[in-house]
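Each remark here refers to the structure printed beneath this line.
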Amino acid sequence: MEHEKELVRNVGRIEPRSLSLGLLVGFFLALFTYISMSDRSVTPLLTVGFAVESRAASAYGVPTSPMVENKMNSSQLDAGLRNATEENPGSDLLKKNDAIKVQPSSSSIIHDASSGRLDASSTQKLGNGNIGEDRHEQDGEKRVPDKSSSTSGDSTQKEDIINPKQAGERSADAKPQRKPICDFSGPRSDVCKMEGDVRIHGKSSSVVFVTSNQMRNPEPNESWGVKPYTRKSHKPAMQKIREVSVKMSNSTDAPRCTLNHSIPAVIFAIGGFTGNLYHDFADVLLPLFITSRQFNGEAQLFISNIQLEWVHKYRHILKRLGRYEIIDFDNDDQVRCYPHAIVGLESYKDMYIDPLRDPDGYSIVDFIKFLRGAYSLDRDSPIKMGEHPEKKPRLVIIDRHRTRRLTNVGEIVKMAEGLGYEVLRAEATSETEVAEFARIINSCDVMMGVHGAGLTNMIFLPRNAVFIQVVPWGGLEWVANYDYGDPARNMKLQYMEYGMSLEESTLIDLYPRDHPVIKDPPSIHKQGWNAMYKVYMIEQSVKLDLRRFRPVLLKALELIH
């Protein structure tokens, strides 16, 4: 004990300057010993270790801060990684970086402290210390693995490269990949489709798609305006169609549900050209079939600009496409909530279904079958003359009493009866019961008439029946073929087209022979649709040349034998 006290007293007597000098010499001796025993690579680490660690983290896709991540481009990432390996080729620093954990067959995980969220980062291919580079495509979003990356000598499986902006972190200039809610690319209609939490308030013409807090939606209040009628390029037709506001919103801003439904909703409008038989089907009923048949009747229909007479007229079709109460969209003050909703109707072309684009691969033939079921039409084929020689084939003539009239229809009836037909004359008016008229048409084997909306009744003919369209004079073959010729062929009808001669047109009684209407029809067409329509569709009626038309009826008989 005495020796220890003596030692303390002796040390206390040492001068401060001598003590400091001794400590300094001892420090350098220890440093020299440490350097001589350590790896050479440690020496440069004393000066550049901090910079290497920062670059290494960035090269692995680990941002040192959100600001740094947003500003780095692929060339900076590659340069940082290359510099780190060049400056310290033998160091284990890159492998031991605490900011990233590399696991076999899994993505690297980064914890976002600011959001408390685990986000997938770009994983790297590691093997013998080699790190594969990311290659950005021109859009700056997609990445593909570097095929030259080597993993030889390492059992770690190759991992797919994931863009951190796609799988997790989202910068201000990068939007997540998601399917748009609304499609405005169609030539005939705009359609919005929503699946999830959809809230409909008809009176305010509002449809709200509620997004969850987890949904990656950069613009939660994004909205679209849609007019749910299938003539979007025709301004006069669209003028009175009410626009529906489709909006994305979070749950706090969305209206509260007053009624909850478990079925899909389909919103569409009538108006425009509806009231005309052709447009009733081409603009509304056929597009409605394309859009809602996939639900097999388990859907609720909302109609904007509703007309009760129209709904009643086509009730057989509407009930099959939506078994539930039809909602008057414009006057409905409930907030109705649905798991699935469609605003607008799919439409490809007049009286046509594209099987390649239809959700269920339907064609116009499937629509015809649907109509036969809706109206309980029994006949699926015309009479077979060879099998039933005692029966007469039935010919229906679609009468017109205003424009494009057949002025000698009585003579046509007599000629047809003389050839062996049973002849019916029929004209559908706005008061005609569709189910009754459909049964009349379905009972016939041949239908004929002058170009016009009444020919739309061909949809009720049995398959392989004969359909004869009389085309008015004046260069109207193109519109006749578009409206009825092509659809008839697609419906598996036997289509015949009779082109009138000038002598069969009543226009020769209205205009002199040297008038442009008679002498130069293309000049009238060049004046636009309205000028052409006025002359050749409204002013013109038809007096068929019986001798010229007789072979057409004979040919029709051959076709149904």
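- Between F460 and V434, the closest side-chain pair of non-hydrogen atoms falls below 4.5 Å.
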_Stepwise side chain to side chain contact (heavy atoms under 4.5 Å, CB included) check, V226 with F184_ = CA-CA 9 Å; V226 177; F184 294 90; 4.2 Å; yes

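- Between C192 and the options V198, V244, V343, a side chain to side chain contact (heavy atoms under 4.5 Å, CB included) holds for only V343.
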_Apply salt bridge (Lys or Arg N to Asp or Glu O under 4.0 Å) to residues R242 and D330 and explain how you reach the verdict._
CA-CA 9 Å; R242 190 181 183 204; D330 301 335; 2.9 Å; yes

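- At a threshold of 4.5 Å between non-hydrogen side-chain atoms, the residues E298 and Y324 count as touching.
- In this structure, N442 contributes its side chain and A438 its backbone to no donor-acceptor pair below 3.5 Å.
- Across H525 and G474, no two heavy atoms sit closer than the pair NE2-O, 2.7 Å.
- The aromatic ring centres of W478 and Y482 sit 6.0 Å or more apart.
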*Quick one: do D486 and D350 satisfy side chain to side chain contact (heavy atoms under 4.5 Å, CB included)? Show the steps, please.*
CA-CA 10 Å; D486 283 342; D350 284 359; over 6 Å; no

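- Between the side chain of D366 and the backbone N or O of S363, at least one donor-acceptor pair lies under 3.5 Å.
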*Would E427 and R400 count as a salt bridge (Lys or Arg N to Asp or Glu O under 4.0 Å) if you check the C-alpha gap in whole Å, the side-chain angles of each, and the deciding distance to 0.1 Å?*
CA-CA 7 Å; E427 181 182 21; R400 297 179 63 89; over 6 Å; no

*asked:* Walk me through whether E436 and K313 qualify under salt bridge (Lys or Arg N to Asp or Glu O under 4.0 Å).
replied: CA-CA 11 Å; E436 179 184 349; K313 182 176 182 176; over 6 Å; no

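- Here the closest non-hydrogen pair linking F367 and L285 is CE1-O, 4.2 Å.
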Give every donor-acceptor pair under 3.5 Å between a side-chain atom in residues 462-472 and any protein atom, sequence neighbours left out.
from : atom 1 : to   : atom 2 : distance (Å)
Q469 : OE1    : H451 : ND1    : 2.8
Q469 : NE2    : A480 : O      : 3.2
Q469 : NE2    : Y495 : OH     : 2.7

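- The ring-ring contact (aromatic ring centres under 6.0 Å, His included) test applied to F370 returns F289, not counting sequence neighbours.
- Rounded to the nearest 0.5 Å, atoms OG1 (T230) and CG (L345) are 7.0 Å apart.
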*asked:* Could you go through I200 and Q300, starting from their C-alpha distance and side-chain angles, then the distance that decides it, and tell me whether this counts as side chain to side chain contact (heavy atoms under 4.5 Å, CB included)?
replied: CA-CA 12 Å; I200 301 172; Q300 187 150 47; over 6 Å; no

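- Here side-chain hydrogen bond (donor to acceptor under 3.5 Å, both in side chains) pairs that include residues 404-422, with residues two or more places apart or in two chains, are R394-E422.
- Here the OG1 atom belonging to T258 is positioned 4.0 Å from the CD atom belonging to Q334, to the nearest 0.5 angstrom.
- For D378, the CG atom counts as loosely surrounded, since its 6.0 Å shell holds 12 or fewer non-hydrogen atoms of other residues, nucleotides or ligands.
- Separation of atoms CZ (F295) and CG (L321) is listed at 11.0 Å; rounding is to 0.5 Å.
- Put simply, the side chain of F302 reaches to within 4.5 Å of the side chain of D332, judged on heavy atoms.
- Within the structure, the ring pair (Phe, Tyr, Trp, His ring centres under 6.0 Å) test picks out no pair touching residues 397-418 (sequence neighbours left out).
- Listed for the R320 side chain is a donor-acceptor partner under 3.5 Å among the backbone atoms of G373.
- Residues M351 and I459 have side chains in contact (heavy-atom distance under 4.5 Å, counting atoms from C-beta outward).
- Here the side chain of D253 pairs no donor or acceptor atom with the backbone of N250 at under 3.5 angstrom.
- Between H261 and Y338, the angle of the ring planes stays under 30°, which puts this pair in the parallel group of the 30/60° scheme.
- Among all heavy-atom pairs drawn from N305 and G271, the shortest one is ND2-CA, 3.4 Å.
- Using a distance-only test at 3.5 Å, with no hydrogens or angles considered, no donor-acceptor pair links the side chain of S505 to the main chain of L502.
- A distance of 10.5 Å separates OG in S251 from CZ in R256, rounded to the nearest 0.5 Å.
- Panel note: side chain D445, backbone I383; a donor-acceptor pair is recorded below 3.5 Å.
- Inspection of the D333 and H201 side chains reveals an N or O donor paired with an N or O acceptor under 3.5 Å.
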Tabulate below the donor-acceptor pairs under 3.5 Å that side-chain atoms of residues 546-561 make, not counting sequence neighbours, or state none.
from : atom 1 : to   : atom 2 : distance (Å)
R548 : NH1    : Y498 : OH     : 2.8
R548 : NH1    : G499 : O      : 3.0
R548 : NH1    : E504 : OE1    : 2.7
R548 : NH2    : G499 : O      : 3.1

_Run the side chain to side chain contact (heavy atoms under 4.5 Å, CB included) test on I508 and W473 for me, step by step, so that the C-alpha distance in whole Å, both residues' side-chain angles and the decisive distance to 0.1 Å come before the verdict._
CA-CA 11 Å; I508 59 174; W473 186 84; over 6 Å; no

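- Side-chain contact between L371 and F281 is present, with at least one heavy-atom pair separated by less than 4.5 Å.
- Side-chain N or O atoms of Y536 include one that pairs as donor or acceptor with a backbone N or O of V517 at under 3.5 Å.
- Heavy atoms only, all atoms of each residue included: S249 and V208 are closest at CB-CG1, 3.7 Å.
- Under a 3.5 Å cut-off, the side chain of K232 and the backbone N or O of G186 do form a donor-acceptor pair.
- With T506 contributing its side chain and S541 its backbone, the two residues share a donor-acceptor pair below 3.5 Å.
- Put simply, CG on D328 and CG on L308 are 7.5 Å apart, with the number rounded to the nearest 0.5 Å.
- Among all heavy-atom pairs drawn from A282 and S347, the shortest one is O-OG, 4.5 Å.
- With hydrogens and angles disregarded, a donor-acceptor distance shorter than 3.5 Å links the side chain of R379 to the backbone of C444.
- In this structure, I441 and I398 have side chains that are in contact, with non-hydrogen atoms separated by less than 4.5 Å.
- Test T274, I317, T456 against D280 for side chain to side chain contact (heavy atoms under 4.5 Å, CB included) and you get one pass: T274.
- To the nearest 0.5 Å, atoms CD (Q540) and CE (M537) are separated by 9.5 Å.
- Under the ring-ring contact (aromatic ring centres under 6.0 Å, His included) criterion, F273 pairs with H234, H279, not counting sequence neighbours.
- No side-chain heavy atom of M496 sits under 4.5 Å from any side-chain heavy atom of M448.
- Shortest non-hydrogen contact noted between P512 and I518 is O-CG1, 3.6 Å.
- When side chains are defined from C-beta on, D283 counts as touching Y229, because their heavy atoms get closer than 4.5 Å.
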